[in-house]
Amino acid sequence: MIEPPRAELKPPAPARIGEPGAAVALPVSARTGRFLVLLGVFVCAACGLVYELELVALASYLIGDSVTQASIVLSLMVFAMGVGSLLAKRLRGHAAAGFGAIEVALALIGGSSALALYAGFVWGGHTRLLLIAFSLAVGVLIGAEVPLLMTLIQRIRRQDAGGAVADLFAADYVGGLVGGLAFPFLMLPLFGQLTGALVTGAVNVVAGSGLVLGLFGRDLTGRSRRLLLVASLLVLAVLASAAVLVDDFERSARNALYGDEVRIAVQSDVQEIVLTGSAGSPLNLYLDGRLRVSGEGEFRYHEALVHPAMNGPHARVLVLGGGDGLAAREVLRHPGVRRVDVVELDREVIELARTDPELAALNRRSLHDSRVRVTQADAFDWLRSARGTYDVVVSDLPDPGITASSKLYSQEFFGLAARLLADGGRLAVHAGPTGDDWRRAFWTVDAGVRAAGLRTTAYCAFGRPAGFGGGPDRSSASVRTPRDWGFLLAGRTRPALGLDPSVPRRGLTRSALDQGARLAERSRITGLPPSTLTHPRYAQR
């Protein structure tokens, strides 16, 4: 039987250099080459996550409301990463050159993003627009990385697509883990936000360009190699120059933001602390850019917070927050005080209140009084394990509109504080302004206090300086400045407002207190749910 002729099988034509899937000559073995590519994925992923966290952290500091800023940055970056992945398809024929160019651009944009955002906040007034622009730009560049790396790793040694994707994403996710942990525990403590972003950019450009020039250099034309090398060196020079000048930049920015009399500027483990003023001008204390103590009018706030609560038994007093010693100063004006416990989160604030001559003079060295005991701790965690009872508990904490302090205005927090009240004890709460733009937050705090089993009396005090409790965010110039501080006085029975006539005060009078109660009551909103740890609604307006 004669068999029919068989069709001759020809091997597929080899892909040409520059085409996806084409083999590339390496200076190392294929196994070492794959390892170096995966190492590059790891480093670039770590840098990319640091850029994301830098944008979230700086936007939360400059604009406030960390939940909103994190949502904006992360959602925009995820969307932009998808766009970047689609755009990278056009570069697959020149994967090595394309990846090198992307890493150079990412290092420059991501590394300088913190400086640009801070400069825009101080001088330009376009913080949110810059945040959106950098989130989109960084996201597009990060999204373009993986498709190009997929092409490069397949050109070293062909393997099934699923295995290559698994290897790349494993390196990418581990790099993200390392970057996410390095940001709070390494980058911020060692370098701070601005220098940390610049260092990350330098690492990024060295890793990305080094991978392309060292491993895939033969795949580039001589002109492409020279362009990539020059661009990388220029970016490194820009980042290094910015790192050298960053201290002068921060000094100029602080002077533009706070005035020319910045005496102390330190970054603690918790926040940035800035003290302005001298012997010839009022002292101002800023925490994370928000005015917390104004030497000209702080007595109005602290007298209104403390003195109504002290009209009754007050032998044992607990101050939550108040590391500046000013609430303790007002407490110690009252005879019969035997012990004052101050619980403050930031150790640096406590040290400044004790050692800075201007601040210690303002608080009358209250933290050196033998009756005052200061504990450095988170107020919520401290309340969980606290024992004993207090006649008065004073909650001297930031405005409830700051997302980072949400748990300190929750029903659970007030329940823990109420547990420490002695019979007839009173709880004084700084609950934010009562004006139209802020009254929802104020009465949500009231709902949380009442949900904890206490009855409340609301009142307010006027004379609030512009910017108190908030930063000078130019992107929110249309928001009106609050004119008052709102307070709640609470107890197991509804407390009556009163003042001890024997205790001297600079500004608070009984008539002003009664007027503040009437004005606060006019702003009442009923039917609001309390803020809780699982459903924080206090910031809705």
Side-chain angles (χ1 to χ4, degrees), residues 14-26 33-34 36-49 51-52 76-111 133-159 161-169 171-172 175-176 201 204-235:
R16 291 175 296 174
I17 294 297
E19 291 184 351
V24 60
L26 299 176
R34 283 177 56 82
L36 291 175
V37 170
L38 294 177
L39 181 62
V41 175
F42 168 84
V43 174
C44 292
C47 293
L49 193 60
Y51 297 143
E52 292 183 37
L76 286 176
M77 290 192 77
V78 170
F79 163 75
M81 287 167 66
V83 174
S85 296
L86 291 175
L87 295 177
K89 293 168 63 176
R90 299 176 178 271
L91 299 175
R92 292 178 64 234
H94 307 280
F99 179 74
I102 284 171
E103 293 310 299
V104 170
L106 182 58
L108 179 62
I109 294 173
F134 275 103
S135 299
L136 289 173
V138 172
V140 167
L141 294 171
I142 291 176
E145 290 176 331
V146 171
L148 298 180
L149 287 166
M150 179 74 174
T151 301
L152 292 176
I153 201 169
Q154 288 285 63
R155 292 176 62 186
I156 295 175
R157 188 186 69 194
R158 295 289 295 176
Q159 69 178 113
V165 169
D167 290 342
L168 284 175
F169 280 125
D172 185 76
N204 197 166
V205 73
V206 169
S209 299
L211 177 67
V212 172
L213 293 173
L215 196 60
F216 298 99
R218 299 176 186 177
D219 198 25
L220 303 177
T221 65
R223 183 170 179 270
S224 296
R225 285 196 299 269
R226 289 192 296 273
L227 283 175
L228 181 58
L229 180 61
V230 170
S232 301
L233 292 176
L234 284 176
V235 169

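Residues: numbered from 1 along the sequence shown.
Distance check: Tyr51 OH to Ser135 OG gives 14.0 Å after rounding to the nearest 0.5 Å. Distance CG/Asp167 to CZ/Arg34: 5.0 Å, rounded to 0.5 Å. In this structure, the separation between CZ on Phe99 and CG on Leu149 is 4.0 Å, given to the nearest 0.5 Å. Distance CE/Met150 to OG/Ser85: 12.5 Å, rounded to 0.5 Å. How far CG of Leu211 is from CG of Leu39: 8.5 Å, rounded to the nearest 0.5 Å. To the nearest 0.5 Å, the span separating CG on Leu229 from CG on Leu220 amounts to 11.5 Å.
Checked against Val104 for a side chain to side chain contact (heavy atoms under 4.5 Å, CB included), the options Ile109, Leu233, Val212, Val205 give a single hit: Val205.
Using a 4.5 Å heavy-atom cutoff, the side chains of Cys44 and Asn204 are in contact. Leu141 is not listed as a side-chain neighbour of Glu103, based on a closest heavy-atom distance of 4.5 Å or more.
The minimum heavy-atom distance linking Ile153 with Ala164 is given by the pair CG2-CB, 4.4 Å. Between Val235 and Ala107 the shortest heavy-atom distance is CG1-CB, 4.2 Å. Counting all heavy atoms, side chain and backbone alike, Ala207 lies closest to Val43 at CB-CG1, 3.5 Å. For the residue pair Gly98 and Leu91, the shortest heavy atom distance occurs at CA-CD1, 4.4 Å.
Side-chain N or O atoms of Arg92 include none that pairs as donor or acceptor with a backbone N or O of Pro147 at under 3.5 Å. Of the possible donor and acceptor atoms, none in the side chain of Thr151 sits under 3.5 Å from a partner among the backbone N and O of Ala95.
Residues passing the side-chain hydrogen bond (donor to acceptor under 3.5 Å, both in side chains) test with Ser209, sequence neighbours excluded: Ser232. Residues that satisfy the side-chain contact (heavy atoms from CB on, under 4.5 Å) test with Leu234, not counting sequence neighbours, are Val230. Residues forming a side-chain contact (heavy atoms from CB on, under 4.5 Å) with Ala144 (at least two apart in sequence, or on another chain): Ala88, Ile102. Shown here are the side-chain contact (heavy atoms from CB on, under 4.5 Å) partners of Leu49, two or more places apart in sequence or in another chain: Glu52, Leu53. Here Phe169 pairs with Tyr173 under the ring pair (Phe, Tyr, Trp, His ring centres under 6.0 Å) rule; sequence neighbours left out. Under the side-chain contact (heavy atoms from CB on, under 4.5 Å) criterion, Leu87 pairs with Val83, Val140, sequence neighbours left out.
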